[in-house]
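Quick notes on the structure that follows.
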Amino acid sequence: MERTIWEDRREVPVLAEVDVLVLGAGPAGVSAAICAAREGVRTMLVEQSGDVGGVATTGLMSHWTGNTRGGFYEELLARTAELPGDEAGMNGGPRQIINPESLKTRLLEMLEEAGVTLRLYSFASAPVMEGDAIRGVILESKAGRQAVLARVVIDATGDGDIAARAGAPFFKGREEDGRMQPVTIMFKVAGVDTERAVFPGGFEENPMVPAGPIQDVGRAHLPFPAGHVLLYRTSLPGVVTCNMTNCIDIDGTDPADMTRATLVCRRQMEAMIPFLQTYVPGFERCYLISSASILGVRETRHFVGEATITREDILSARVFDDWAVTRAHFNFDVHNLTGNGLDETGAQKHFRQTRGYTIPYGCLVPQKIENLLLAGRDICGTHMAHSNYRVMPICANMGQAAGVAASLCVKRNVTPRALDVKLLQRRLGEWGVEP
């Protein structure tokens, strides 16, 4: 039996009372906050780190992955892109390359312009509940414990931390065994001769280098469970983003696991620089210049919502009657749950569904808990569907849907579960979102 202690009851000062409280400032949370504020409701965004952008910035992500069309993501791309390219933002094009440092500032500017109240360096630790309804959130920071009360809370923490603590039902990982996709620390190297370099961007890309097919060379010479080689251009001369570290059997909601993964990935990184120098053309004089401040966690909680999106829905390009996100498109990006490379269930360049799909509003509404919406990879979907919709452009458009929905709930004095989805669709249509 675990030992416990008792805490004394204590008064918690109320920091603010707002209409919409958004938790987590990744692409989903930033989009939700901006869109809610633009709809004219008092909006606060809370983030535990000192920067906004999540995996896109502190996670040092290489590019906006996916070729989602329309929605708030298009505006994000237009405001933050440093290189010209396809106006629609096709996957992997120059326009989708991320400069994390400039992106941090551009996102702050957009939040300020929208009138969002931003609270950094604050951890959302517990829900304020009234029966099954969430009424706010307790924050922990250097200022101590403080409460923010809200009419609608949007959990965009990725892991759904507050939704879980509020009692919303969920499962973790793959349905049959609970295993979750591996985690990664992204890093950048400089000193690369990009004219001679190769840039394998997916597990199914295996270009030849002098020692053989590059993915085969990686598996032979990198420390297991690392082994794949994913290299991406940046907007800076001679700088390349590397997505190569890999730690399996990690629960991203367990700090002990996250600590272990950090140690594993950083040890792998030390082996990767000499590997690149030895085996990859153009990288002979490369050197490490930066690494992500956070682990890239791909999968943890899947909440049980009013609707569920499945693998079959994506393969059939289904247009749901209660759509909230439209024209989403990616592939089944399932990283190997037991090793490196692509899982046997995944498909990247061999993914054949090119029409895109929609996500129903019910996926953003968790069962049991009122006044709560989800945005990001923690929405209601299966393990396989999640491998497609978890990418940042799709999460950004989920944030837009959640932010607009929350504003409608405030204005009409209804809960997210009771909101007429036709009202949401009409308003999203005015934003340019179409199925």
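The shortest side-chain heavy-atom distance between E82 and I97 does not fall under the 4.5 Å cut-off. The shortest distance between side-chain heavy atoms of M384 and H386 does not fall below 4.5 Å. Looking at heavy atoms from C-beta onward, D251 lies in side-chain contact with M180 at the 4.5 angstrom threshold. Residues R417 and T415 are in side-chain contact: their nearest non-hydrogen atoms beyond the backbone lie under 4.5 Å apart. A heavy-atom distance below 4.5 Å is found between the side chains of L423 and R412. Looking at heavy atoms from C-beta onward, F123 lies out of side-chain contact with L23 at the 4.5 angstrom threshold. Counting heavy atoms from C-beta on, the side chains of V152 and L21 never come closer than 4.5 Å. Contact check for R318 versus W323: no side-chain heavy atoms found under the 4.5 Å cut-off.
Around atom CG of D321, no more than 12 heavy atoms belonging to other residues, nucleotides or ligands sit under 6.0 Å away. Residue-environment remark: CD (E11) stays at or below the threshold of 12 foreign heavy atoms within 6.0 Å. Counting non-hydrogen atoms of neighbouring residues, nucleotides and ligands closer than 6.0 angstrom, the CD atom of E344 reaches no more than 12 such neighbours. Within a 6.0 Å sphere centred on CZ of F171, other residues, nucleotides and ligands contribute more than 12 heavy atoms. Few gaps surround NZ on K411; more than 12 heavy atoms of other groups in view lie less than 6.0 Å from it.
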- Check the pair E75, R38 against salt bridge (Lys or Arg N to Asp or Glu O under 4.0 Å), reporting the backbone distance first and the verdict last. CA-CA 14 Å; E75 182 181 341; R38 287 182 181 176; 2.6 Å; yes
- Check the pair R135, E130 against salt bridge (Lys or Arg N to Asp or Glu O under 4.0 Å), reporting the backbone distance first and the verdict last. CA-CA 7 Å; R135 300 300 184 190; E130 186 178 288; 3.4 Å; yes
- Query: For D249 and R179, what are the C-alpha separation, side-chain angles and deciding distance, and is it a salt bridge (Lys or Arg N to Asp or Glu O under 4.0 Å)?
  - Reply: CA-CA 7 Å; D249 293 325; R179 296 189 82 159; 2.5 Å; yes
- Could you walk me through whether S49 and D51 pass the side chain to side chain donor-acceptor pair (under 3.5 Å) check? CA-CA 6 Å; S49 75; D51 287 303; 5.7 Å; no
- Task: Any chance you could lay out the side chain to side chain donor-acceptor pair (under 3.5 Å) test for D159 and T157, step after step, and finish with the verdict?
- Result: CA-CA 5 Å; D159 301 312; T157 61; 5.9 Å; no
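For the residue pair S291 / R266, a side-chain donor-acceptor distance below 3.5 Å is found, with atom types taken as modelled. No side-chain N or O of R119 forms a donor-acceptor pair with one of Q48 less than 3.5 Å apart. Side-chain atoms of T253 and K172 form a donor-acceptor pair, as typed in the model, at a separation below 3.5 Å. Judged purely by distance below 3.5 Å, without hydrogens or angles, the side chains of Q348 and D333 pair a donor atom with an acceptor atom.
Side-chain atoms of E47 never come within 3.5 Å of backbone atoms of G24 as a donor-acceptor pair (strictly under, hydrogens ignored). For the pair S387 (side chain) and A385 (backbone), a donor-acceptor distance under 3.5 Å is absent. No donor-acceptor pair closer than 3.5 Å links the side chain of E306 to the backbone N or O of C363. The backbone N or O of A126 sits nowhere less than 3.5 Å from a side-chain atom of R165 that would complete a donor-acceptor pair. Proximity of a side-chain donor or acceptor of N246 to a complementary backbone N or O of G339 within less than 3.5 Å is detected.
Remark: R79 pairs with E113 by the side chain to side chain donor-acceptor pair (under 3.5 Å) rule, at least two apart or across chains. Under the side chain to side chain contact (heavy atoms under 4.5 Å, CB included) criterion, A197 pairs with V192, F199, F283, not counting sequence neighbours.
To the nearest 0.5 Å, the span separating CZ on R355 from CZ on R327 amounts to 14.0 Å. W64 contributes atom CH2, which lies 5.0 Å from atom CE of M392 (distance to the nearest 0.5 angstrom). Within the model, atoms OG1 of T184 and CD1 of I294 stand 12.0 Å from one another, a figure rounded to the nearest 0.5 Å. Note that the CG atom of L364 and the SG atom of C380 stand 10.0 Å from one another [nearest 0.5 Å]. In this structure, the separation between NE2 on H228 and NE2 on H335 is 6.5 Å, given to the nearest 0.5 Å. With values rounded to the nearest 0.5 angstrom, R95 atom CZ is found 8.5 Å from T80 atom OG1.
For residues 16-35, the pairs satisfying side-chain hydrogen bond (donor to acceptor under 3.5 Å, both in side chains) are D19-R42, with sequence neighbours left out.
A salt bridge links E140 with R145: at least one charged nitrogen is closer than 4.0 Å to a carboxylate oxygen. Looking at E299 and R390, no side-chain N of the basic residue comes within less than 4.0 Å of a carboxylate O on the acidic one, giving no salt bridge. A salt bridge does not link K422 with D322: none of the charged nitrogens is closer than 4.0 Å to a carboxylate oxygen.
Scanning both residues, H329 and I394, for their nearest heavy atoms gives N-CD1, 4.0 Å. Here the closest non-hydrogen pair linking G131 and M129 is O-CE, 3.7 Å. For the pair T382 and H302, the tightest heavy-atom approach, listed with the atom from each and the gap, is O-CE1, 4.4 Å. When all heavy atoms of L342 and A347 are compared, the pair lying nearest together is CD2-N, 4.0 Å. Here the closest heavy-atom approach between residue A147 and residue I138 is recorded as CB-CD1, 3.9 Å. Contact record, V404 with C35: CG2-CB, 4.2 Å, taken as the closest heavy-atom pair.
Because its NZ or CZ atom is both nearer than 6.0 Å to the ring centre of F170 and within 45° of the ring axis, R301 counts as a cation-pi partner of that residue.
Taking the six-membered ring for Trp, Y389 and F330 have ring centres at least 6.0 Å apart.
Partner of V18 under the side-chain contact (heavy atoms from CB on, under 4.5 Å) criterion, chosen from L45, V116, T117, V148: V148.
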